[in-house]
> 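Before I ask anything, let me first share the structure, which is written out below as structure tokens.
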Amino acid sequence: MRFAAIADVHGNHLALEAVLADVRAQGIDEIVNLGDCLSGPLEAGKVADTLMALDAVTVRGNHDRYLIESPADAMPSWEQHAYSQLAPRHLNWLRSLPFSAVYRDLAYLCHATPVDDQTYWLESVSPEGHVFVKPLEEIEALAEGIRFPLMLCGHSHVPRVIRLSDGRLIVNPGSVGCPAYSDDLPYEHKVEAGHPLASYCVIEKSADGWLPQFRTVAYDHMAMSRLAKENARPDWAGALATGWVR
């Protein structure tokens, strides 16, 4: 039993296509998508068409929610460019996405945490802006009541696996399309992969339980960096070029 988990594509069509090609090359047929699909100064419409055709089990991320809840003239900056590329069919697809889902009665899926789409499940942020692994007790408290041995989340863009005291796993596959960003919630901080590669995870059921295999995939990231710069987002251009926020 093998499947792939993707998250946080953020409108990066070239990164998504490279990841899907890598998934197919390994003979994997099934994919789950953990949300934040379209927002960013890149190619939201193309990504929406690709994901809709993929028909993967998909949950809604906070940025997906902003695209369908906010008035167009009041959208945060990550949403404005993406929204201009979306047709009614794309918005209807976003509206159809659930907050959380279950994959084949095997794994629980959400974008961030089981109770909130804007909070990191596996990481904390200090008032000084340092991002670090959350204490196990806090991670486990958010997993209370979830009966599945495997739980998947995205949101932080950080590839990570946490084993709970009872053996359950929580896996974040990292970000397909956005290797670095800055945010002000709960405090000003940066998340940086330190490389421009696309990230995702292959998850396999073995005799010893679930085994996550994190993968990185090269693609023409400089083309996406140039597009972000053309769309007046030098911060995205730098992040896509290097994997750092500068």
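Note: hydrogens, waters and symmetry copies are ignored here, and every other heavy atom, side chains too, is used. Keep in mind that this is a model prediction, so the values were computed, not measured.
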> With hydrophobic residues grouped by side-chain heavy-atom distances under 4.5 Å, do Ile6 and Leu240 end up in a single group?
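In one cluster with Ile6: Leu240, no.
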
> Kindly determine whether Val217 and Val176 satisfy side-chain contact (heavy atoms from CB on, under 4.5 Å), including the steps that lead there.
CA-CA 9 Å; Val217 182; Val176 170; over 6 Å; no

> Examine distances only and state if a side-chain atom of His189 and a backbone atom of Tyr187 form a donor-acceptor pair shorter than 3.5 Å.
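At least one qualifying donor-acceptor pair exists.
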
> Using only heavy-atom distances, determine whether the side chains of Asp117 and His111 contain a donor-acceptor pair under 3.5 Å.
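Distance-only check fails for Asp117 and His111.
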
> Give me the atom names and distance for the closest heavy-atom approach of Glu43 to Leu14.
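Shortest heavy-atom separation between Glu43 and Leu14 comes out as OE1-N, 4.5 Å.
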
> Between Glu79 and Arg65, does any NZ, NE, NH1 or NH2 come within less than 4.0 Å of an OD or OE carboxylate oxygen?
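Answer for the salt bridge query: no.
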
> Under 3.5 Å, is there a donor-acceptor pair between the side chain of Glu192 and the main chain of Val245?
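Yes, Glu192 side chain to Val245 backbone: donor-acceptor pair under 3.5 Å.
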
> Looking at Arg246, I'd like to know if its CZ atom is crowded, meaning that more than 12 non-hydrogen atoms belonging to other residues, nucleotides or ligands lie closer than 6.0 Å.
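Buried by this count: over 12 neighbours within 6.0 Å.
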
> Determine, stepwise, if the pair Arg168 / Ile146 fulfils side-chain contact (heavy atoms from CB on, under 4.5 Å).
CA-CA 10 Å; Arg168 288 177 297 166; Ile146 300 175; 4.2 Å; yes

> The test is side-chain contact (heavy atoms from CB on, under 4.5 Å); show your working for Arg160 and Val133 and say whether it passes.
CA-CA 9 Å; Arg160 193 184 302 280; Val133 180; 3.0 Å; yes

> Can you find a side-chain donor-acceptor pair between Asn172 and Ser156 that sits under 3.5 Å?
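Note: Asn172 and Ser156 side chains meet the donor-acceptor criterion.
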
> Without swapping roles, check the side chain of Gln85 against the backbone of Leu42 for a donor-acceptor pair under 3.5 Å.
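Yes, the answer is positive, given that a donor and an acceptor are paired below the 3.5 Å cut-off.
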
> Can you measure from NE2 (His90) to CZ (Arg95) and round to the nearest 0.5 angstrom?
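The CZ atom of Arg95 is 12.5 Å from NE2 of His90, to the nearest 0.5 Å.
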
> Working to the nearest 0.5 angstrom, can you tell me the gap between Phe148 CZ and Leu109 CG?
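That separation rounds to 9.0 Å.
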
> Please name the pair of heavy atoms, one in Ala228 and one in Ala237, separated by the smallest distance, quoted to 0.1 Å.
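For Ala228 and Ala237, the tightest heavy-atom pair comes out as CB-N, 3.7 Å.
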
> So, does Ser96 use its side chain to make a donor-acceptor pair with the main chain of Trp93 at under 3.5 Å?
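Pair found, side chain donor or acceptor close to backbone of Trp93.
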
> Examine distances only and state if a side-chain atom of Asp64 and a backbone atom of Cys37 form a donor-acceptor pair shorter than 3.5 Å.
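Present.
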
> Any donor and acceptor pair, going by atom type alone, linking the side chain of His221 with main-chain N or O of Leu197 inside 3.5 Å?
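A pair under 3.5 Å: no.
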
> Specify the closest pair of heavy atoms between Gly177 and Asn12, including all atoms of both residues, with the distance to one decimal.
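Shortest heavy-atom separation between Gly177 and Asn12 comes out as O-ND2, 3.1 Å.
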
> Scan Ile170, Ile203, Leu169 and name whichever one has a side-chain contact (heavy atoms from CB on, under 4.5 Å) with Leu152.
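The side-chain contact (heavy atoms from CB on, under 4.5 Å) with Leu152 is passed solely by Ile203 among Ile170, Ile203, Leu169.
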
> Got a second to check how far Asp235's CG is from Lys229's NZ, nearest 0.5 Å?
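Asp235 atom CG to Lys229 atom NZ measures 13.0 Å (nearest 0.5 Å).
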
> Would you mind telling me which of His10, His63, His157 makes a ring pair (Phe, Tyr, Trp, His ring centres under 6.0 Å) with Tyr181?
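When ring pair (Phe, Tyr, Trp, His ring centres under 6.0 Å) is applied between Tyr181 and each of His10, His63, His157, only His157 qualifies.
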
> Donor-acceptor pair, Gln26 side chain versus Asp22 backbone, under 3.5 Å?
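Checking the backbone N and O of Asp22 against the side chain of Gln26, a donor-acceptor pair under 3.5 Å is found.
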
> Roughly how far, to the nearest 0.5 Å, is the CG atom of Leu94 from the CZ atom of Arg60?
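That separation rounds to 9.0 Å.
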
> For the NZ atom on Lys46, are there more than 12 heavy atoms of other groups (residues, nucleotides or ligands in this structure) within a distance under 6.0 Å?
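Counting other residues, nucleotides and ligands, NZ of Lys46 stays at 12 neighbours or fewer.
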
> On a heavy-atom basis, which atom in Thr113 and which in Thr119 lie closest, and how many Å separate them?
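Heavy-atom minimum between the residues: CG2-O, 3.1 Å.
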
> Roughly how far, to the nearest 0.5 Å, is the CG atom of Asn92 from the CG atom of Leu97?
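If we round to the nearest 0.5 Å, Leu97:CG and Asn92:CG are 11.0 Å apart.
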
> Could you tell me how the ring of Phe3 sits relative to the ring of Tyr103: parallel (under 30°), tilted (30 to 60°) or perpendicular (over 60°)?
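Geometry flag for Tyr103 against Phe3: tilted rings.
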
> Shared ILVMFWY cluster between Ile139 and Phe132, side chains joined below 4.5 angstrom?
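Different clusters: Ile139 never reaches Phe132 through Ile, Leu, Val, Met, Phe, Trp or Tyr contacts under 4.5 Å.
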
> Quick one: closest heavy-atom pair of Cys153 and Trp121, and the distance?
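So the two residues come closest at CB-CE3, 3.9 Å.
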
> On a heavy-atom basis, which atom in Ser199 and which in Thr216 lie closest, and how many Å separate them?
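Heavy atoms of Ser199 and Thr216 come nearest at OG-CG2, 3.7 Å.
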
> Evaluate Asp116 against Leu142 for side-chain contact (heavy atoms from CB on, under 4.5 Å), listing each step before the verdict.
CA-CA 10 Å; Asp116 178 26; Leu142 289 167; over 6 Å; no

> Do Ser206 and Glu204 get their side chains close enough for a donor-acceptor pair, meaning under 3.5 Å?
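Side-chain D/A pair, Ser206 to Glu204: absent.
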
> Report the distance from atom CG of Asn231 to atom NE2 of His81, rounding to the nearest 0.5 Å.
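The NE2 atom of His81 is 4.0 Å from CG of Asn231, to the nearest 0.5 Å.
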
